[in-house]
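Remarks on the structure that follows.
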Amino acid sequence: MRPAYTGSQVRAAEAPLLEEGQGPALMARAARGLELAVARDLKSTRGRVHGTHVAAVVGKGNNGGDALFALAGLARRGVRATAVLAHGAAHPAALEAFGRAGGRLAEPGDSLDHADAVIDAVLGTGFSGVFRAPHPRPDARVIACDVPSGLNADTGAAGPEVWRADVTVTFGALKSGLVVGRGRELAGEVEVVDIGLGPHLPDPDVRSLEPDDAARLLPAPRPDWHKYSRGVLGVVAGSREYPGAAVLTVAGALAAGVGMVRVLAPERVRDLVLAAHPEAVGGAGRVQAWAVGPGIADDADQHRALQSSLASGLPVVVDASGLGGWAADLEASGAGPDERMVLTPHAGELAALLGSLAGGGVAPEREDIEAEPLRWARGAARRCGTTVLLKGAATVCAAPDGTVFVQSQGHPYLATAGSGDTLTGILGALLATASGARPVELAALAAFVHGSAGRIAAEGGPYGAGQLAGAVREAVARLQRG
Ligand SMILES: NC(=O)C1=CN([C@@H]2O[C@H](COP(=O)(O)OP(=O)(O)OC[C@H]3O[C@@H](n4cnc5c(N)ncnc54)[C@H](OP(=O)(O)O)[C@@H]3O)[C@@H](O)[C@H]2O)[C@@H](O)CC1
Ligand SMILES: Nc1ncnc2c1ncn2[C@@H]1O[C@H](COP(=O)(O)OP(=O)(O)O)[C@@H](O)[C@H]1O
């Protein structure tokens with residue numbers, strides 16, 4: 001499990017150590033980690049460390065201090081080290097060490113393009129408000145110190161002037177803002193340097209499943225299975241306009257592994273599903289979980305089935321067209337929300353869903369959600385009282401109690417119509433067949449498997465969602481092989 005913490009959590013973990021007077025020791029460890037990471041980067045991109053030129057743009061806080069101490073270390077290894085003081089001042093002890101090691105100060109306007117690497121150390125976790133970059137992003141390798149300057153380390157939100165880093169060397173613990181939103185794209189490769197905060201860190205803000213976690217959560221084949229005990233999924237999907245949504249949902253479920261799939265759809269859609277997947281069955285019957293919503297329109301039978309799925313007390317994935325009327329359907333069903341309902345919107349659908357909820361509250365725009373996915377997914381899960389899986393390049397899975405998983409296994413080729421329907425099928429199958437895991441964990445597992453499948457499929461070039469199912473099987477098989 002990979003944990004991540006908000007910038008504020010990391011600052012709070014540092015506080016007792018600072019009170020004990022350990023600030024200089026922490027900074028020395030951070031600076032040493034940065035120095036080693038820059039040296040490694042120079043070795044791999046320039047083939048050497050000695051004789052290279054490393055510049056840093058430094059602010060007046062501790063973030064700038066880290067970079068100046070790191071530059072001092074690099075200067076002692078024969079690197080030409082220059083620094084631009086973005087705010088005209090710097091951490092005094094670090095500036096002195098930098099000067100003593102032979103570092104040279106440059107003017108704010110001086111070009112940094114000819115440096116072999118530039119350290120971005122204007123602001124770290126002390127940033128607040130609006131970020132004005134003191135220098136345009138240089139045409140050189142950029143290594144961010146702790147976080148790209150101007151990035152919100154809690155949320156991943158970033159203004160337009162934040163530099164994109166090739167590598168981010170982050171101290172103490174991974175920051176949430178580096179794994180979601182724009183922060184994820186701006187951070188580049190992330191390296192965590194241990195500075196001894198471990199015992200002081202609280203429960204993480206977010207977690208990400210790693211392959212061994214995903215393998216552990218997958219339902220293991222059992223010799224005593226029969227198709228009913230393994231788990232049956234009820235699928236309410238597809239309409240005249242979107243018949244393929246039902247086919248893709250069923251394909252996702254079968255590829256992830258399930259005892260049986262029952263499909264509730266208008267006759268023409270059902271025929272299409274059965275032609276593609278003869279192992280599916282049409283009509284009602286007992287199920288262990290539901291996947292409802294992809295591509296549905298105004299079919300009265302489907303609408304009834306959707307409402308009774310919400311009232312069933314069984315795990316239900318609610319996706320796509322099922323989301324718009326979810327609150328009204330839940331009310332009509334007479335049931336209350338619980339974490340076994342998993343709503344799976346993309347940012348636009350979540351904006352519409354939150355706008356549709358009664359009782360006021362802020363109705364965000366799609367762009368607000370894309371800028372701060374953690375905040376909105378967590379808020380939506382609390383407000384709805386359900387699990388929420390917010391789709392995107394990083395998928396955020398939030399439970400009503402605030403537990404959050406972020407998964408980024410996917411590939412941009414997954415941005416294709418019907419790819420979300422496949423995810424709904426995968427999650428439905430996992431909810432029907434897995435026991436003992438929380439829905440939020442299974443949502444994260446579904447995002448892991450779907451994302452990995454997207455990446456595996458991309459090895460053969462671009463694809464449509466219809467080709468994903470084969471890769472879903474391969475993704476599951478690879479996890480099981482370990
Ligand atoms: N604590 C520790 O011991 C350790 C900390 N570590 C390192 O320290 C970093 C945190 O350091 P930090 O707390 O000094 O904050 P930092 O990010 O350098 O900036 C603060 C300065 O920025 C200013 N400022 C803020 N917003 C601004 C804006 N929008 N535009 C312009 N200016 C703005 C603010 O000015 P003020 O608003 O107070 O006038 C203040 O002067 C952390 O990321 C890690 O790298 C490691 O060494 C491990 C040990
Ligand atoms: N750039 C991207 N990188 C990785 N995964 C992505 C990207 N864009 C979209 N995805 C994934 O593709 C799926 C798209 O789902 P969705 O928009 O609901 O599609 P549809 O409704 O057409 O089935 C989601 O699982 C999402 O996380």
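As the structure is a prediction and not an experimental result, all values here were calculated from the model. In this chain, numbering begins with 1 at the start of the sequence shown. Order of appearance sets the numbers: ligands from 1, and atoms from 1 within every ligand.
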Check the side chains of [Y] and [X] for a donor-acceptor pair under 3.5 angstrom, ignoring hydrogens and angles.
{"X": "Asn63", "Y": "His91", "answer": "no"}
{"X": "Thr155", "Y": "Arg375", "answer": "no"}
{"X": "Ser452", "Y": "Arg478", "answer": "no"}
{"X": "Asp421", "Y": "Thr249", "answer": "no"}

Using distance alone, determine whether [X] and ligand 1 share an N or O pair under 3.5 Å.
{"X": "Val130", "result": "yes"}
{"X": "Met27", "result": "no"}
{"X": "Val122", "result": "no"}

Going by the atom numbers of ligand 1, which of them fall below 4.0 Å from some non-hydrogen atom of Gly124?
16 (P), 17 (O), 43 (O)
For ligand 1, which atoms sit closer than 4.0 Å to a heavy atom of Leu18?
1 (N), 2 (C), 3 (O)
What residue and heavy atom of the protein are closest to [atom], and at what distance?
{"atom": "atom 1 (N) of ligand 1", "result": "Glu14 OE1, 2.9 Å"}
{"atom": "atom 8 (N) of ligand 2", "result": "Ala415 CB, 3.4 Å"}
{"atom": "atom 21 (C) of ligand 1", "result": "Leu123 CD2, 4.1 Å"}
{"atom": "atom 27 (C) of ligand 1", "result": "Ser128 O, 3.7 Å"}
{"atom": "atom 4 (C) of ligand 2", "result": "His411 O, 3.3 Å"}
{"atom": "atom 32 (N) of ligand 1", "result": "His87 CE1, 3.8 Å"}
{"atom": "atom 34 (C) of ligand 1", "result": "Lys60 CE, 4.4 Å"}
{"atom": "atom 18 (O) of ligand 1", "result": "Asn63 N, 3.0 Å"}
{"atom": "atom 6 (N) of ligand 1", "result": "Asp66 OD2, 3.7 Å"}

Logged contact type for Glu349 with ligand 2, heavy-atom cut-off 4.0 Å, is neither
Any heavy atom of Thr395 under 4.0 Å from ligand 2? The part involved is side chain
For [atom], which of the options [options] provides the nearest non-hydrogen atom?
{"atom": "atom 1 (N) of ligand 2", "options": "Gly451, Pro412, Gly295", "answer": "Pro412"}
{"atom": "atom 8 (O) of ligand 1", "options": "Asn62, Leu17, Leu26", "answer": "Asn62"}
{"atom": "atom 25 (O) of ligand 2", "options": "Glu185, Gln409, His450, Gln407", "answer": "His450"}
{"atom": "atom 15 (O) of ligand 1", "options": "Ala13, Cys145, Gly126", "answer": "Gly126"}

Is there a polar contact, in the sense of an N or O pair closer than 3.5 Å, between [X] and ligand 2?
{"X": "Gly410", "answer": "no"}
{"X": "Leu423", "answer": "no"}
{"X": "Leu414", "answer": "yes"}

Looking at [X] and [Y], would you say the former's side chain and the latter's main chain have a donor-acceptor pair under 3.5 Å?
{"X": "Asp205", "Y": "Ala4", "result": "no"}
{"X": "Ser321", "Y": "Ile296", "result": "yes"}
{"X": "Glu372", "Y": "Ile369", "result": "no"}
{"X": "Arg137", "Y": "Arg164", "result": "yes"}

Counting from 1, what ligand 2 atoms have a heavy atom of [X] closer than 4.0 Å?
{"X": "Ser419", "answer": "12 (O), 13 (C), 14 (C), 23 (O)"}
{"X": "Ala417", "answer": "22 (O)"}
{"X": "Asp421", "answer": "23 (O)"}
{"X": "His346", "answer": "17 (O), 18 (O)"}

Stepwise salt bridge (Lys or Arg N to Asp or Glu O under 4.0 Å) check, Arg40 with Glu191
CA-CA 12 Å; Arg40 260 197 314 277; Glu191 187 180 322; 2.6 Å; yes
Can you list the steps and then say if Arg32 with Glu35 is a salt bridge (Lys or Arg N to Asp or Glu O under 4.0 Å)?
CA-CA 5 Å; Arg32 175 82 178 146; Glu35 176 196 328; 3.3 Å; yes
Does a sphere of radius 6.0 Å around CD in Glu185 hold more than 12 heavy atoms from other residues, nucleotides or ligands, not counting ones at 6.0 Å or beyond?
yes
Arg366, CZ atom: more than 12 neighbouring heavy atoms under 6.0 Å:
yes
Is the closest side-chain heavy-atom distance between Val316 and Leu431 below 4.5 Å?
no
For residues Val147 and Leu178, determine if any side-chain heavy atom of one lies less than 4.5 Å from a side-chain heavy atom of the other.
yes
Please verify whether a non-hydrogen atom of Gly418 lies at under 4.0 Å from ligand 2.
yes
Hey, mind stepping through Lys175 and Asp154 against salt bridge (Lys or Arg N to Asp or Glu O under 4.0 Å) and telling me if it holds?
CA-CA 7 Å; Lys175 315 294 183 307; Asp154 293 4; over 6 Å; no
Determine, stepwise, if the pair Asp120 / Arg141 fulfils salt bridge (Lys or Arg N to Asp or Glu O under 4.0 Å).
CA-CA 10 Å; Asp120 168 9; Arg141 223 121 155 115; over 6 Å; no
Where does Arg11 meet ligand 1, judged by heavy-atom distances below 4.0 Å: at the side chain, the backbone, both, or neither?
side chain
Logged contact type for Asp146 with ligand 1, heavy-atom cut-off 4.0 Å, is side chain
Contact bool for atom 24 (N) of ligand 1 (protein heavy atom, d < 4.0 Å)
yes
Check whether any heavy atom of Gly59 sits under 4.0 Å from an atom of ligand 1.
no
